[in-house]
Each structure stands twice: as structure tokens, then as C-alpha cells.
Amino acid sequence: MEPKNDAAVRHGQDLVLVVEDSLLVAMAIEDSLMERGLTVAVASTVESATSLVGKGMPAVALLDLQLPDGNSLDLASRLYEAGCAVAITSGLDSGSVPDSHGFAIQFRKPTSPDLLAEWVVTTLQQLTASQAG
């Protein structure tokens, strides 16, 4: 399958971590990312996401704020400190993500999987351009 976006990064070159406890939402986001030629790792808990990160650092992470085993704020901080671009999705009010996490773009649920995928593609293109320049 060819990526929808010609400018999408090459498959396997960049890993996108999706942490979402709703199976259907996670599948929709994963499909949208894979259609753009991206490599995706999916987790439904903070614990499983932490395990995946131990196997390979993602370039970009899409994190649901509220997960069955806690919130993803500590994970977001660790990922950001390691150089990963982070977005947090939440159905809660805009004040639910503290100012200390201003490094993360915030998307209010429900958010279109295509909108999230386009943000990922744009972010990866910016990361690639900044590394090349």
C-alpha cells in the first residue's frame, strides 16, 4: 500500500507510539498512520507503553491522558526529555494538562485519526529537516 502523503517518511525509519485504551480509537489511529507509511507501536496502558519504549525510542508519541493504570504525564515527560515529539489527547477540560507539559501539543477528544496522522507526518518532516539543516 502506498502512503497517502508523498512526503511521508520512509516506512521503518521513524517509530510512532500510540497509547490509547480504546481499542477502536487505537485501531483507527494506527490505520491512519500506517496508510501514510509509518511504523506504529500501540499500547493501551502506561506500563505496556513503558515496555515498548524500552525496546525502541519513538520519534513521535500520541498519548491518551487518562489510562487504566494512571495518566500519561510522566511518560510524556520522559519521552520529551529523550527527544521525542509528544501530543496528548484528552476528553477532559483543557486545564487537565498542567503548564509543565506545555511541550506537548494537545488534542481534545474526539479527534479525527487523519488529523492526528497529519500532525505526525508534519512533525516528522520538521524533525528530518532540522536534523538535515
Side-chain angles (χ1 to χ4, degrees):
M1 173 181 358
E2 289 299 312
K4 283 184 184 176
N5 185 333
D6 292 337
V9 295
R10 291 180 303 267
H11 181 79
Q13 294 298 312
D14 291 291
L15 177 63
V16 180
L17 174 64
V18 175
V19 184
E20 171 60 58
D21 60 341
S22 168
L23 178 62
L24 293 177
V25 172
M27 289 172 56
I29 295 169
E30 180 182 30
D31 286 348
S32 192
L33 292 166
M34 289 177 66
E35 286 173 357
R36 288 159 174 82
L38 301 170
T39 303
V40 184
V42 179
S44 60
T45 64
V46 173
E47 182 180 353
S48 60
T50 301
S51 176
L52 285 174
V53 169
K55 296 174 185 173
M57 180 58 62
V60 179
L62 297 170
L63 309 177
D64 184 1
L65 178 62
Q66 296 293 330
L67 297 161
D69 58 346
N71 70 47
S72 62
L73 294 174
D74 287 341
L75 176 61
S77 293
R78 287 195 307 266
L79 290 167
Y80 176 72
E81 289 167 7
C84 178
V86 178
I88 297 175
T89 62
S90 176
L92 303 175
D93 290 335
S94 61
S96 58
V97 176
D99 291 341
S100 61
H101 287 69
F103 57 82
I105 188 167
Q106 296 178 41
F107 291 97
R108 181 150 170 85
K109 284 185 170 184
T111 300
S112 158
D114 285 330
L115 176 66
L116 294 173
E118 287 304 319
W119 174 80
V120 169
V121 168
T122 300
T123 300
L124 287 171
Q125 289 170 344
Q126 291 169 348
L127 290 171
T128 300
S130 70
Q131 291 169 355

Student: Looking at D114 and R36, is any side-chain nitrogen of the basic one under 4.0 Å from a carboxylate oxygen of the acidic one?
Tutor: yes
Student: Is a side-chain donor or acceptor of S130 paired with a backbone partner of L127 at a separation under 3.5 angstrom?
Tutor: yes
Student: Does a sphere of radius 6.0 Å around OH in Y80 hold more than 12 heavy atoms from other residues, nucleotides or ligands, not counting ones at 6.0 Å or beyond?
Tutor: no
Student: Begin with the C-alpha distance, continue with both residues' side-chain angles, and end with the deciding distance and a verdict on side-chain contact (heavy atoms from CB on, under 4.5 Å) for V19 and D64.
Tutor: CA-CA 6 Å; V19 184; D64 184 1; 5.5 Å; no
Student: Apply side-chain contact (heavy atoms from CB on, under 4.5 Å) to residues H101 and S77 and explain how you reach the verdict.
Tutor: CA-CA 7 Å; H101 287 69; S77 293; 2.9 Å; yes
Student: Starting from the C-alpha separation in whole Å, work towards a yes-or-no answer on side-chain contact (heavy atoms from CB on, under 4.5 Å) for V42 and V40.
Tutor: CA-CA 6 Å; V42 179; V40 184; 3.8 Å; yes
Student: Could you walk me through whether T122 and Q126 pass the side-chain contact (heavy atoms from CB on, under 4.5 Å) check?
Tutor: CA-CA 6 Å; T122 300; Q126 291 169 348; 3.7 Å; yes
Student: Report the residue from T39, L62, L116, V121 that forms a side-chain contact (heavy atoms from CB on, under 4.5 Å) with L33.
Tutor: L62
Student: Nearest 0.5 Å, please: how far is CD in Q66 from CG in L73?
Tutor: 8.0 Å
Student: Taking the side chain as everything from C-beta on, heavy atoms only, tell me whether L52 gets closer than 4.5 Å to L17.
Tutor: yes
Student: Rounded to the nearest 0.5 Å, how far apart are CD1 of I88 and CG of L63?
Tutor: 6.0 Å
Student: Calculate, to the nearest 0.5 Å, the distance between atoms NZ and OG1 belonging to K55 and T50 respectively.
Tutor: 12.0 Å
Student: For the atom pair OG (S22) and NZ (K109), what is the distance rounded to the nearest 0.5 Å?
Tutor: 6.5 Å
Student: Nearest heavy-atom pair of E20 and T89: which atoms, and what distance?
Tutor: OE1-OG1, 4.3 Å
Student: For the residue pair N71 and V46, what are the closest heavy atoms and their distance?
Tutor: O-CG2, 3.6 Å
Student: In the structure I gave you, are the side-chain heavy atoms of V16 and P58 within less than 4.5 Å of one another anywhere?
Tutor: no
Student: Return the OG to CH2 distance between S112 and W119, rounded to the nearest 0.5 Å.
Tutor: 14.5 Å
Student: Show the nearest heavy-atom pair for residues L75 and A49, with the distance to one decimal.
Tutor: CD2-CB, 3.6 Å
Student: What distance separates L124 CG from D14 CG, expressed to the nearest 0.5 Å?
Tutor: 4.5 Å
Student: Provide the closest heavy-atom pair for V97 versus L65 in the form atom of the first, atom of the second, distance.
Tutor: CG2-CD2, 4.2 Å
Student: Check whether D69 reaches the backbone of E47 with its side chain - one donor and one acceptor, N or O, closer than 3.5 Å.
Tutor: yes
Student: Does M27 reach the side chain of L23, with side-chain heavy atoms less than 4.5 Å apart?
Tutor: yes
Student: Test side-chain hydrogen bond (donor to acceptor under 3.5 Å, both in side chains) on S48 and S51 and set out the steps.
Tutor: CA-CA 5 Å; S48 60; S51 176; over 6 Å; no
Student: What are the two closest non-hydrogen atoms of A82 and M57, and how far apart are they?
Tutor: CB-CE, 3.5 Å
Student: Any heavy-atom pair between the side chains of L67 and S44 that's under 4.5 Å?
Tutor: no
